[in-house]
*Asks:* 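This is the structure I have questions about; it appears just below.
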There are 2 protein chains.
Amino acid sequence: MARSYDDSVPDRHSLAEIEQAMFAHVGDLSVNLPAANAVSTLYRAANAVRSHLTNTVLRGYGLTWTGFVVLWVVWIWDGLETRHAAESAGISKATLTGVVKTLEGQGWITRETSDVDRRLVNLTLTASGAAMMQELYPAFNAAEADVVSCLSTRALTDLTRSLRLMVASLEGTSLERTDSRRHIEPARGA
Amino acid sequence: MARSYDDSVPDRHSLAEIEQAMFAHVGDLSVNLPAANAVSTLYRAANAVRSHLTNTVLRGYGLTWTGFVVLWVVWIWDGLETRHAAESAGISKATLTGVVKTLEGQGWITRETSDVDRRLVNLTLTASGAAMMQELYPAFNAAEADVVSCLSTRALTDLTRSLRLMVASLEGTSLERTDSRRHIEPARGA
DNA sequence: ACCGAATCATTTGGGCCCGAACAGTAGTCG
DNA sequence: CGACTACTGTTCGGGCCCAAATGATTCGGT
């Protein structure tokens, strides 16, 4: 190595160092540290999981995380309309259009406009798409299990419950103001 | 409304319905449901938080989530080299280059190559950038607190600890194979 | 003093991501 | 029937995202 990696400016920051730096900039009183820690760790963990599963499992099939999620919801529900697929996958309809175009070009999925309502578009897995999911999902699920293997059963259920609470409070108050009582869509896997 | 939103195909899926659909496709025995639930809920929660904070706090300043995170780490450490900024922000150096270009164009940040090592580039907040963060961060932190207000103090610390465990086990084994003993960078706010 | 290896930031190319604007389709109500 | 309204999926524009390749710079060893 060209350098020992620990001599220059701050690289490895302890929590105490970060707290001190924060206090120096924002003032000791008015900062909610546990909330800041939780949010940043949450986002970092989600990206770490996504990145890990993508690189270890999905990349071999030429799939992205989002592409896989879309395939998954279409697979599990034996076909889906675009609007439901977008909601279940947790992405916007605009994004879904592009992702489906990619998956369609890869031959995993087909798109056909509905006969009864010509506004709708039905998504269905191709034969090779279904076969691929049947082979891929067990490996993906095993990798999921591996990712959470560092947590006890109790810690895992607590984690999921807390996260679900946050999702419920956020998705209940954010968008979709047209129907005040908004349902909670658990997305894939739950 | 044109339709009652609840009559057509499957939209509101209960957990039991999803489990049943999964079993029908993957086989009852070999699926780790708690792990799948945890991973999907984790990712969905992270995106919900990101989306909420972006729309309620950041959008008013013309900032994206990633742009804000980069500004934050540069702010809190009184300037940073790009490699450290990328790692602290949890994004690749390639992504950072583009984000910094955006922030530079908006006048929040400046870029200048180091004198002692001309490969390095130092990032510093402009005067207006520092002033903006001083005004913005309290609002952002308040929104963070609001997002986790549905959890008890105990649940929040447990959540953060579990997530940190996952991050540690993932970032310790994923990339950066050059230095086998990799440190754990807590990112912003932690 | 040189040369090869390591490290840095950037560019390139392909894909995801969303809000806003859009055109097409369906239901409603006079 | 003919507006009017609501809902559909798509397109557009701008930004984020990363792996791989590139060019510049530095370090270590000879």
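Throughout, a chain's letter reflects where its sequence line sits, starting with A, and its residues are numbered from 1. Here the structure is a predicted model, which means the values were calculated and not measured.
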*Asks:* May I have all residue pairs that pass ring pair (Phe, Tyr, Trp, His ring centres under 6.0 Å) and include part of residues 85-111 of chain B, sequence neighbours excluded?
*Replies:* none
*Asks:* Examine the side chains of A:T126 and A:S128 and answer whether a donor and an acceptor come within less than 3.5 Å of each other.
*Replies:* yes
*Asks:* Would you tabulate the pairs of protein nitrogen or oxygen atoms and nucleotide nitrogen or oxygen atoms of nucleotides 20-26 of chain C closer than 3.5 angstrom?
*Replies:*
{"from": "C:dA26", "atom 1": "OP1", "to": "A:R118", "atom 2": "N", "distance (Å)": "3.0"}

*Asks:* side-chain hydrogen bond (donor to acceptor under 3.5 Å, both in side chains) with B:S92: which residues, sequence neighbours excluded?
*Replies:* B:T95
*Asks:* Tell me if the aromatic rings of B:W72 and B:F140 count as close, with their centers under 6.0 Å from one another.
*Replies:* no
*Asks:* On the nucleotide D:dC17, are OP1 or OP2 found under 4.0 Å from the side-chain N or O atoms that A:R50 carries?
*Replies:* no
*Asks:* Using atom NE2 of A:H52 as one end and atom P of D:dC17 as the other, report the distance to the nearest whole Å.
*Replies:* 21 Å
*Asks:* Separation of A:E112 atom CD from D:dT10 atom P, in whole Å?
*Replies:* 13 Å
*Asks:* Given 3.5 Å as the limit, does a donor-acceptor pair link the side chain of B:N141 with the main chain of B:Y137, or not?
*Replies:* no
*Asks:* What's the CG-P distance between B:L96 and D:dC17, to the nearest Å?
*Replies:* 10 Å
*Asks:* Which is more 5' along DNA chain D, the nucleotide nearest A:N55 or the one nearest A:K93? Just name the residue.
*Replies:* A:K93
*Asks:* Answer with base, sugar-phosphate or nothing: what part of the nucleic acid does A:I91 contact at a heavy-atom distance below 4.0 Å?
*Replies:* sugar-phosphate
*Asks:* Using whole Å, what does the distance between atom P of nucleotide D:dG14 and atom CG of B:L58 come to?
*Replies:* 21 Å
*Asks:* Rounded to whole angstrom units, what separation is found between the CG atom of A:N47 and the C1' atom of D:dC16?
*Replies:* 11 Å
*Asks:* Under the rule for salt bridge (Lys or Arg N to Asp or Glu O under 4.0 Å), what residues qualify as partners of B:R161, not counting sequence neighbours?
*Replies:* B:D158
*Asks:* Among all residues two or more places apart in sequence or in another chain, which pass the salt bridge (Lys or Arg N to Asp or Glu O under 4.0 Å) test with A:R111?
*Replies:* A:E104
*Asks:* Can you tell me how far P of C:dC17 sits from CZ of B:R59, to the nearest Å?
*Replies:* 16 Å
*Asks:* Starting at atom CZ of A:R83, determine the distance to atom C1' of D:dT10, rounded to an integer number of angstrom.
*Replies:* 16 Å
*Asks:* I'd like to check the side-chain hydrogen bond (donor to acceptor under 3.5 Å, both in side chains) partners of A:D78; sequence neighbours left out, ordered by chain and number.
*Replies:* B:H25
*Asks:* Which of residues 98-109 of chain A sit near DNA chain C, with a heavy atom under 4.0 Å from it?
*Replies:* A:T102
*Asks:* At under 4.0 Å, does any side-chain N or O of B:T95 touch on OP1 or OP2 of D:dC17?
*Replies:* no
*Asks:* Could you please name the option among C:dA9, C:dG19, D:dC18 that lies closest to any side-chain atom of B:S92?
*Replies:* D:dC18
*Asks:* Should B:T66 be listed as having a side-chain N or O under 4.0 Å from OP1 or OP2 of D:dG15?
*Replies:* no
*Asks:* Please give, in whole Å, the distance from D:dT8 C1' to A:R111 CZ?
*Replies:* 13 Å
*Asks:* With respect to the phosphate group of C:dG15, does any side-chain polar atom (N or O) of A:T64 fall under 4.0 Å of OP1 or OP2?
*Replies:* no
*Asks:* Could you work out, with side-chain hydrogen bond (donor to acceptor under 3.5 Å, both in side chains) as the rule, every residue matching B:N47, not counting sequence neighbours?
*Replies:* none
*Asks:* Taking side-chain hydrogen bond (donor to acceptor under 3.5 Å, both in side chains) as the definition, give me every residue that meets it alongside B:T54, ordered by chain and number, with sequence neighbours left out.
*Replies:* none
